[in-house]
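Notes follow once the structure below has been shown.
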Amino acid sequence: MFDTHELGRRPGALQRLAREVAAPADLGIDGVIGVPEGSPVELELRLESVMEGVLVTGTARASAEGECVRCLEPLRREVVADFQEMFSYPDTDDRGRHAASGDDAEDDEDIIPLEDGMFDLEPVLRDAVVLALPMQPVCREDCAGLCPECGVSLNDDPDHHHEAVDIRWAALQGLAGSLGTDEKDDMSGAEPGVDEKQEK
């Protein structure tokens with residue numbers, strides 16, 4: 001929770017904060033990449049008092065851990081997430097500043113109220129960090145991944161390959177293998193004789 005009392009509800013008043021907080025649980029994309037629970041998240045915040053409430057603009061920096069989607073090796077990524085959120089004074093509606101219907105009413109649903117001059121940044125932080133994380137993290141851009149046949153890392157053995165047999169030709173390969181060299185020689189020797197008879 002962050003305190004806004006120092007702004008004193010004076011429009012135009014500014015406050016800058018630099019804090020380090022512990023990462024909440026499940027800050028990331030489940031099973032892919034995320035910021036470990038309890039690890040440090042550095043926050044730089046700018047709190048600005050406006051007529052309707054407090055506009056919070058900030059940047060979060062953290063270290064995310066996961067695994068490469070190509071080779072499954074562990075990886076670590078520095079994440080920088082920018083965010084901005086409006087926290088309204090609880091009596092804003094009473095002053096008639098937001099009293100409206102239709103589209104304005106839908107906009108009001110997105111505004112989070114301040115509670116006793118305090119605001120909770122966790123939901124905003126969670127949204128910003130998750131959006132900043134890669135959906136398909138890789139250890140490096142040219143990661144070759146794993147061999148689909150045996151699972152060997154192609155990064156460690158780039159020349160690794162398997163002889164691919166096209167099943168449509170497998171029967172012919174078997175037939176070619178069953179022919180002995182003598183049979184081939186006999187066939188090749190018989191061909192000139194056939195040609196000679198045809199010439200006569």
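Environment of CG in Asp30: sparse, with no more than 12 heavy atoms of neighbouring residues, nucleotides or ligands closer than 6.0 Å. Surrounding CD of Glu78 are more than 12 heavy atoms belonging to other residues, nucleotides or ligands, all under 6.0 Å away.
Judged purely by distance below 3.5 Å, without hydrogens or angles, the side chains of Arg140 and Asn155 pair a donor atom with an acceptor atom. A donor-acceptor contact under 3.5 angstrom links the side chains of Thr57 and Gln84, judged on distance only.
Taking both residues in full, the closest heavy atoms of Met86 and Gly53 are given as CE-N, 3.5 Å, listed atom of the first, atom of the second, then distance. Closest non-hydrogen pair, Val124 versus Phe83, comes out as CG1-CD1, 3.8 Å. Across Arg70 and Val138, no two heavy atoms sit closer than the pair NE-CG1, 3.6 Å. The shortest non-hydrogen separation linking Pro134 to Ile29 is O-CD1, 3.8 Å. Considering every non-hydrogen atom in both Ala60 and Leu43, the closest pair reads CB-CD2, 3.7 Å. In terms of heavy atoms, Ile33 sits closest to Leu133 at O-CD1, 3.9 Å.
Judged as a side-chain contact (heavy atoms from CB on, under 4.5 Å), and not counting sequence neighbours, the contacts of Glu20 are Pro40, Glu42. By the side-chain contact (heavy atoms from CB on, under 4.5 Å) test, Pro123 is found to be paired with Asp120, residues two or more places apart in sequence or in another chain being considered. The side-chain contact (heavy atoms from CB on, under 4.5 Å) check on Glu67 picks up Leu72, with sequence neighbours excluded.
Taking CD of Glu73 as the start and CG of Asp156 as the end, the distance is 7.5 Å to the nearest 0.5 Å. To the nearest 0.5 Å, atom OG of residue Ser49 and atom CG of residue Leu14 are 9.0 Å apart. In this structure, Arg19 CZ and Leu45 CG are separated by 7.5 Å, a value rounded to the nearest 0.5 Å.
In terms of hydrophobic clustering, with Ile, Leu, Val, Met, Phe, Trp and Tyr side chains grouped at heavy-atom distances under 4.5 Å, Leu131 and Val79 are assigned to different clusters. Residues Phe87 and Val21 are members of one and the same hydrophobic cluster, defined by side-chain heavy-atom contacts under 4.5 angstrom among Ile, Leu, Val, Met, Phe, Trp and Tyr. In the hydrophobic clustering of this structure, Leu75 does not group with Leu154; members are Ile, Leu, Val, Met, Phe, Trp, Tyr whose side-chain heavy atoms approach within less than 4.5 Å, directly or through other members.
Proximity of Leu146 to Val152: side-chain heavy atoms (C-beta onward) are nowhere separated by under 4.5 Å. Using a 4.5 Å cut-off on side-chain heavy atoms (C-beta onward), Cys71 and Cys139 make contact. Using a 4.5 Å heavy-atom threshold, the side chains of Val80 and Thr59 count as touching.
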Could you go step by step and tell me if Ser63 and Ser39 meet the side chain to side chain contact (heavy atoms under 4.5 Å, CB included) rule? CA-CA 8 Å; Ser63 182; Ser39 64; over 6 Å; no
Go through it in stages, so that I can follow the logic: the residues are Arg61 and Glu44, the test is salt bridge (Lys or Arg N to Asp or Glu O under 4.0 Å), and I'd like the CA-CA distance, side-chain angles, deciding distance and then a yes or no. CA-CA 9 Å; Arg61 290 181 173 81; Glu44 292 178 11; 3.5 Å; yes
Going through the checks in order, is the side chain to side chain contact (heavy atoms under 4.5 Å, CB included) test met by Glu37 and Leu27? CA-CA 7 Å; Glu37 183 177 2; Leu27 184 59; over 6 Å; no
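Without hydrogens or angle criteria, Arg126 side chain to Asp26 main chain gives a donor-acceptor distance under 3.5 Å.
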